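What you see is a predicted model; the values in this text were computed from it and never measured. If you read the sequence from its start, that first residue is 1, and numbering goes on from there.
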Amino acid sequence: MGNTLNHSHSIFRDKTCIISLVTATGFMAGALILGIADNPPGAIFLFASIFALVLAMVHRWRSPRRFLKMMTISLVGFVVMAVLHNVLDVLAGRSPGWLAPIVTGLSVTSFLLAVLVMPVTFFAGIIGAGLTIFTNRD
């Protein structure tokens with residue numbers, strides 16, 4: 001029986017991806033050590049960690065269109081997640097006892113996506129689009 005895994009595209013053979021993941025881990029450890037609550041250096045490390053994770057996923061993109069699409073989705077995602085957080089926050093207060101923690105968890109998740117992930121992916125989209133436009137010129 002043949003091996004069904006395609007090792008030529010293995011994540012473990014992609015040095016940029018590995019470096020990005022290790023960097024993300026290092027920044028996350030720094031953020032946890034420093035603390036992120038009311039601590040700008042810790043928050044910067046957290047954002048850097050998220051940026052490194054995004055880089056691990058998109059570093060092979062060579063088209064500005066993909067980065068512009070990521071920017072658009074991030075912008076729309078920010079608005080959707082912010083509204084969803086507010087709606088779920090209200091619903092959590094009105095939910096029965098067993099459901100309230102679940103709705104609160106979803107509310108917190110949508111808040112974290114809105115304030116941490118969406119701005120970083122938007123910023124990464126700006127950088128990626130600019131770099132691909134600049135490097136793809138003849």
Is there a side-chain contact between [X] and [Y] (heavy atoms, below 4.5 Å)?
{"X": "R66", "Y": "V58", "value": "no"}
{"X": "F51", "Y": "I127", "value": "yes"}
{"X": "L112", "Y": "V117", "value": "no"}
{"X": "W61", "Y": "T132", "value": "no"}
{"X": "N136", "Y": "P64", "value": "yes"}
{"X": "M71", "Y": "F123", "value": "no"}
{"X": "H59", "Y": "S20", "value": "no"}
{"X": "R60", "Y": "D14", "value": "yes"}

Once you round to the nearest 0.5 Å, how far does [atom1] of [X] lie from [atom2] of [Y]?
{"X": "S110", "Y": "L84", "atom1": "OG", "atom2": "CG", "value": "4.5 Å"}
{"X": "S107", "Y": "L91", "atom1": "OG", "atom2": "CG", "value": "9.0 Å"}
{"X": "R94", "Y": "L99", "atom1": "CZ", "atom2": "CG", "value": "14.0 Å"}
{"X": "R65", "Y": "I133", "atom1": "CZ", "atom2": "CD1", "value": "12.0 Å"}
{"X": "T16", "Y": "L55", "atom1": "OG1", "atom2": "CG", "value": "7.5 Å"}
{"X": "L21", "Y": "M28", "atom1": "CG", "atom2": "CE", "value": "12.0 Å"}

[X] side chain to [Y] main-chain N or O, any donor-acceptor pair under 3.5 Å?
{"X": "D89", "Y": "T104", "answer": "no"}
{"X": "S49", "Y": "A24", "answer": "yes"}
{"X": "T72", "Y": "L68", "answer": "yes"}

If you group Ile, Leu, Val, Met, Phe, Trp and Tyr by side-chain heavy-atom gaps below 4.5 Å, do [X] and [Y] land in one group?
{"X": "V22", "Y": "L46", "value": "no"}
{"X": "V120", "Y": "L116", "value": "yes"}
{"X": "V54", "Y": "I19", "value": "no"}
{"X": "I102", "Y": "V90", "value": "no"}
{"X": "V87", "Y": "L113", "value": "yes"}

Measure across [X] and [Y] and return the closest heavy-atom pair with its distance rounded to 0.1 Å.
{"X": "A31", "Y": "G42", "value": "CB-O, 3.5 Å"}
{"X": "P119", "Y": "V115", "value": "CG-O, 3.6 Å"}
{"X": "M118", "Y": "G77", "value": "CG-C, 3.9 Å"}
{"X": "V103", "Y": "S95", "value": "CG2-OG, 3.8 Å"}

* **Reference residue V76; test side-chain contact (heavy atoms from CB on, under 4.5 Å); the match among I73, V80, V79** => V80
* To do: Write out all pairs satisfying ring-ring contact (aromatic ring centres under 6.0 Å, His included) with one or both partners inside residues 18-49, taking only residues at least two apart or from two chains.
  => F27-F45
* What residue pairs, at least two apart or across chains, pass ring-ring contact (aromatic ring centres under 6.0 Å, His included) with a residue in residues 71-109? -> H85-F111
* Residue list, side-chain contact (heavy atoms from CB on, under 4.5 Å) with T25, at least two apart or on another chain -> none
* Within a reach of under 6.0 Å around CD1 of I36, are more than 12 heavy atoms found that belong to other residues, nucleotides or ligands? -> no
